[in-house]
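Read through the structure below, which is laid out as structure tokens, and then see the notes.
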Amino acid sequence: MSGDHSHSEDQIDGGSRFNDSHKHKDKYKEKEHKHKDHKKDKEREKSKHGNSNHKDSSDKKHRDKEKEKMKHKDGSTDKYKDKHKEKKMKSIDVKVKKENGFASPPQVKSEPEDGFYHSPKNEKSLKRERDDDNDSEFKPKKIKTENDKKAKKRKQDEDIKPKKTKNKREVTDGKKKAKKEPEEKWKWWEEERYTDGSKWKFLEHKGPVFAPPYEPLPSHVKFYYDGKPMKLSPEAEEVATFFAKMLDHEYTTKDIFRKNFFKDWRKEMTAEEKAKLTDLKKCNFTEMSEYFKAQSEARKAMTKDEKLKIKTENERLLQEYGFCIMDNHRERIANFRIEPPGLFRGRGDHPKMGMLKRRIRPKDIIINCSKDSKHPEPPPGTKWKEVRHDNKVTWLVSWTENIQGSIKYIMLNPSSRIKGEKDWQKYETARRLKKCVDRIRNQYHEDWKSKEMRIRQRAVALYFIDKLALRAGNEKEEGETADTVGCCSLRVEHIKLYPENDGQEYVVEFDFLGKDSIRYYNKVPVEKRVFKNLQLFMENKEPDDDLFDRLNTSVLNKHLQELMDGLTAKVFRTYNASITLQQQLKQLTSADENIPAKILSYNRANRAVAILCNHQRAPPKTFEKSMQNLQTKIDAKRDQLSDAKRELKSAKADAKVRRDEKSKKAVETKKKAVQRIEEQLMKLEVQATDREENKQIALGTSKLNYLDPRISVAWCKKWDIPVEKIYNKTQREKFAWAIDMADEDFEF
DNA sequence: CGTTCGACTTAGCAGGCCGTGT
DNA sequence: ACACGGCCTGCTAAGTCGAACG
């Protein structure tokens, strides 16, 4: 390989990093078998580069070489700065007292003295506590005493009130920012947090909602084998319907999918079925498939009444099972329905696609709740696998899934206290990184020159994580999952080095499949020293060898932990995402623009982050069409505008002649009309731009997971933009803490 | 020490809900 | 009132990372 990498065509397309990853799958497929045994590779690598002696000598050689070339370098390139231009770079005393000198006053938190509150026994403090205490903006303290009162009161009368009814007004009067927060909303962020590692003191819930039982097909819907109708046993039939439902999907044509499916299907068959059904190709599911399509049509065609009935029933289920009581508050559960059985479809080229995801029964279920709560009842005649009372975890229900053998959980909604606190804490950690990132960057620049290979590798990897916002890249078990990588698991075949490319020096081309098999493609100029190191790391390796053979995520994170308390690889993503948003907003927002234009700016800032984090999406199927529609609207609006202008002109002329009040008024009216239309036109145009730029970029992920909401809230307040323009209802619920506490001066 | 497990966050997509424009 | 399409929500897979394990 090497020479002709098969990407030329990709590069053409506008230098875009965005390509349909799935289209490229085949390329990766070939490679797949090649790098079959990683562990071995790694070992081999190690011995290749030997320990001490070999390594040292080769390192040294390079070191010397680099030294001379290194001169002009080092000052991080402008490019780099561009990307990370922080405003406050000056701090010379990067060192500072910082991230450990927490003065955390482990104050005695007053524990409400009633029934289910028992005092924490082990008072080991949590990271989170340190974060907080350490952070100036973050002061639950003063509120403390007050909180205690509240806490007590909370516990007795308890606001276990049924859902939120209000809200409505807040939307309607949108503009004048919700003057009165409905006081029923619990502001957990003004209260103390647990310091003893417990996640709750009291937890009560109704358990999960199971998937509805299988309903056998009506007898007129037939399955055919080898052209002949065949009645299947209910078990086999159910699995057959899973396949039938996916029939128009491309993956039912894939070998692996079919093979996995057939194998698992046979396990559900009776002996006779098993004997008879030996070839998937002879199976005809089309009648079943048609039947399901008809069903779904029928569902769409239901009357209002029927739909309403379903809706009501769903609401009932939600009210009954969708909430729990945690520490005296009624909190929304994220996923209270157990995943129904079906055929597993992993993302990308997944070796297990098509396998049967089995039905979860009560005896698979572990319930977690407090001892003194009313325990959820298993369905009649069944038993839970276990009921436990572990308040060191946040989940309510768990079970083990059969495809990967991993554990699945039922947990709370993002709007819950328990998720919110964690989220808040995450951003506080990122803000602490901001305080010492210069120091850390200096350090890894230094480490590029280390005589130890492992340190250089660590330093280069960290540089990628920082500069490119790559994920950490844990190793994965081969054959269990799609072949995807992150930073630490990059292989030689995933990068190409160009001493010079398009007039730039030391360019690295990345091309690999990351999480969810989304392709990461990027060409970046790097510091010379990085480049040289990469050459060194790649020496004598095969394409499927690990690029960083002396590094893994655990080593890296251990190192990071030493640099800053709570620092891990993913904190860099959070930090860089948030700081980028803040900078971009500062840079792109202009005071004199109207609201739609400002929102475009916001979206562009958001987009910059999404691009940084490589958050892609498939272009919406209806993209072209909707673009066209929009264009049509714009054209119409243009016509309307010129009409209005013409009218204005004639009205003016008229007024000039007549000089009476009435015609003057008419002019004013027309003027207003023109203005209004201009505004509308502009709004449409902005919308078009926004949409076009957003074609294959997904903003949601960064908005939800990487951008400190307080930055957005502050921006809204500063420019008098209603938060509703930025966050929809769900998002506002999730970020209620930020909306409540950030003012326009908030600085990330 | 490396490996596995457990808990929790991050991710894109399908499908349907709902608001908009006619 | 209705059709259309955009966006929201639910879903669940796929990551990260620390701790337990052997």
Side-chain angles (χ1 to χ4, degrees), chain A residues 21-22 39 42-43 127 199 249 296 299-300 304 307 310-311 314 318 322 334-340 342 344-348 350 352-353 357 366 368 390 392-395 398 400-401 403-414 418-419 422-423 425-426 471-477 480-482 484-489 513-518 552-558 560-561 566-571 573-574 577 610 613-618 620-623 625-627 629-630 633 636 687 691 694 696-706 727-731:
Chain A
S21 56
H22 298 281
K39 285 170 196 150
K42 206 130 186 170
E43 234 113 80
K127 260 188 227 152
K199 305 294 171 60
H249 247 109
S296 105
R299 220 170 304 126
K300 274 183 221 155
K304 284 209 166 104
K307 283 183 178 166
I310 293 177
K311 211 174 157 184
N314 274 335
L318 173 67
N335 55 324
F336 58 91
R337 289 169 202 274
I338 298 277
E339 298 171 17
F344 176 82
R345 169 56 181 159
R347 319 245 167 100
H350 199 115
K352 300 198 170 181
M353 66 171 81
K357 192 167 105 165
I366 301 175
N368 192 33
D390 181 357
K392 299 288 190 266
V393 297
T394 68
W395 53 267
S398 76
T400 300
E401 150 271 342
I403 304 289
Q404 319 274 0
S406 66
I407 307 172
K408 300 261 191 166
Y409 304 93
I410 291 182
M411 292 183 185
L412 297 194
N413 197 73
I418 213 155
K419 294 293 184 188
K422 202 79 186 303
D423 206 37
Q425 183 195 168
K426 171 182 77 187
R471 295 187 184 81
N474 284 310
E475 49 262 83
K476 309 166 75 189
E477 205 176 331
E480 297 292 299
T481 60
T484 62
V485 299
C487 187
C488 295
S489 50
L513 298 182
K515 181 176 178 180
D516 294 322
S517 291
I518 295 292
N552 61 42
T553 53
S554 132
V555 168
L556 177 65
N557 281 333
K558 249 170 226 145
L560 293 176
Q561 191 60 239
L567 187 60
T568 62
K570 84 188 187 80
V571 177
R573 269 172 84 80
T574 311
C613 294
N614 200 41
H615 292 141
Q616 299 189 35
R617 63 168 182 177
K621 291 187 208 16
T622 55
F623 186 81
K625 184 143 99 139
S626 84
M627 232 29 221
N629 290 162
L630 193 53
K633 269 197 212 165
Q687 203 185 343
R691 195 180 296 174
N694 226 28
Q696 29 189 185
I697 299 174
L699 300 186
T701 304
S702 49
K703 204 182 215 177
L704 239 42
N705 299 301
Y706 289 104
Y727 291 135
N728 69 30
K729 179 157 153 302
T730 314
Q731 295 165 158

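Per chain, numbering begins at 1; letters A, B, ... match sequence-line order.
Taking only side-chain nitrogens and oxygens, A:K392 never comes nearer than 4.0 Å to OP1 or OP2 of B:dG6. Side-chain nitrogen and oxygen atoms of A:N474 include none within less than 4.0 Å of the OP1 or OP2 phosphate oxygen of C:dG15. An OP1 or OP2 oxygen of B:dG16 is reached within less than 4.0 angstrom by no side-chain nitrogen or oxygen of A:K300. Look at A:K570 and you won't find any side-chain N or O under 4.0 angstrom from OP1 or OP2 of B:dT9. Close to C:dC11, at under 4.0 Å from its OP1 or OP2, lies no side-chain N or O of A:N335. The side chain of A:R347 contributes no N or O atom lying less than 4.0 Å from OP1 or OP2 of C:dG15. Between A:H615 and B:dA11, a side-chain N or O to OP1/OP2 separation shorter than 4.0 Å is present. Close to B:dT10, at under 4.0 Å from its OP1 or OP2, lies no side-chain N or O of A:T701. At the phosphate of B:dA11, OP1 or OP2 sits under 4.0 Å from a side-chain N or O atom of A:Y706. Considering only side-chain N and O atoms, A:K199 lies under 4.0 angstrom from the phosphate OP1 or OP2 of B:dC8. For the OP1/OP2 pair of C:dA14 and a distance below 4.0 Å, the side-chain nitrogens and oxygens of A:T484 include no atom meeting the criterion.
A side-chain donor-acceptor contact under 3.5 Å links A:N728 to the backbone of A:T730. With A:N335 contributing its side chain and A:Y409 its backbone, the two residues share a donor-acceptor pair below 3.5 Å.
Residue contacts for A:A334: at a heavy-atom cut-off of 4.0 Å it reaches no nucleic acid atom on any strand shown. Among the protein residues, A:G486 comes within range of no part of the nucleic acid, since none of its heavy atoms lies under 4.0 Å from any strand. A:G700 comes within 4.0 angstrom of nothing in the nucleic acid, heavy atoms only. If you check every strand for non-hydrogen atoms under 4.0 Å, A:P414 touches nothing. Counting non-hydrogen atoms under 4.0 angstrom, A:K703 reaches nothing in the nucleic acid. Residue contacts shown for A:T730 are limited to sugar-phosphate atoms, with no base heavy atom under 4.0 Å away. Using a 4.0 Å heavy-atom criterion, one finds that A:K558 contacts no nucleic acid atom at all.
Checked by atom type, the side-chain pair A:S398/A:K408 shows no donor-acceptor distance below 3.5 Å. With 3.5 Å as the limit, one finds a donor-acceptor pair spanning the side chains of A:T553 and A:N474. In this structure, a donor-acceptor pair under 3.5 Å is present between the side chains of A:N614 and A:Q616. A side-chain N or O of A:E401 and one of A:S406 form a donor-acceptor pair less than 3.5 Å apart.
When distances are taken from the side chain of A:N705 to each of B:dC18, B:dC13, B:dT10, the shortest belongs to B:dT10. Listed nucleotides C:dC17, C:dC11, C:dG15 differ in distance to A:R337; the shortest reach to its side chain belongs to C:dC11. Among B:dA11, B:dC8, B:dG12, the nucleotide with an atom closest to any side-chain atom of A:Y409 is B:dC8. Checking C:dC17, B:dC8, C:dA13 against the side-chain heavy atoms of A:V393 singles out B:dC8 as nearest. The side chain of A:P340 lies closest to C:dT12 when the candidates are B:dC8, C:dA13, C:dT12. For A:M411, the side-chain atoms get nearest to B:dT9 when compared with the rest of C:dT12, C:dA14, B:dT9. When distances are taken from the side chain of A:N557 to each of C:dT12, C:dG18, B:dC13, the shortest belongs to C:dG18.
Rounded to 10 degrees, the angle between the two end axes of the helix from B:dC1-C:dG22 to B:dT22-C:dA1 is 10°, with five pairs used at each end.
Where A:K408 and A:N728 meet DNA chain C, the nucleotide closest to each residue was compared, and A:N728 sits on the side nearer the 5' end. Where A:R299 and A:T394 meet DNA chain B, the nucleotide closest to each residue was compared, and A:T394 sits on the side nearer the 5' end.
Using cut-offs of 30° and 60° for the angle between ring planes, the A:H350 and A:F344 rings count as perpendicular.
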Give the C-alpha distance, both sets of side-chain angles, the deciding distance and a yes or no for side-chain contact (heavy atoms from CB on, under 4.5 Å) between A:R573 and A:R471.
CA-CA 8 Å; A:R573 269 172 84 80; A:R471 295 187 184 81; 3.3 Å; yes

Can A:L513 and A:V485 be said to form a side-chain contact (heavy atoms from CB on, under 4.5 Å), step by step?
CA-CA 6 Å; A:L513 298 182; A:V485 299; over 6 Å; no

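Between the base of B:dT10 and the side chain of A:K515 there is a donor-acceptor pair shorter than 3.5 Å.
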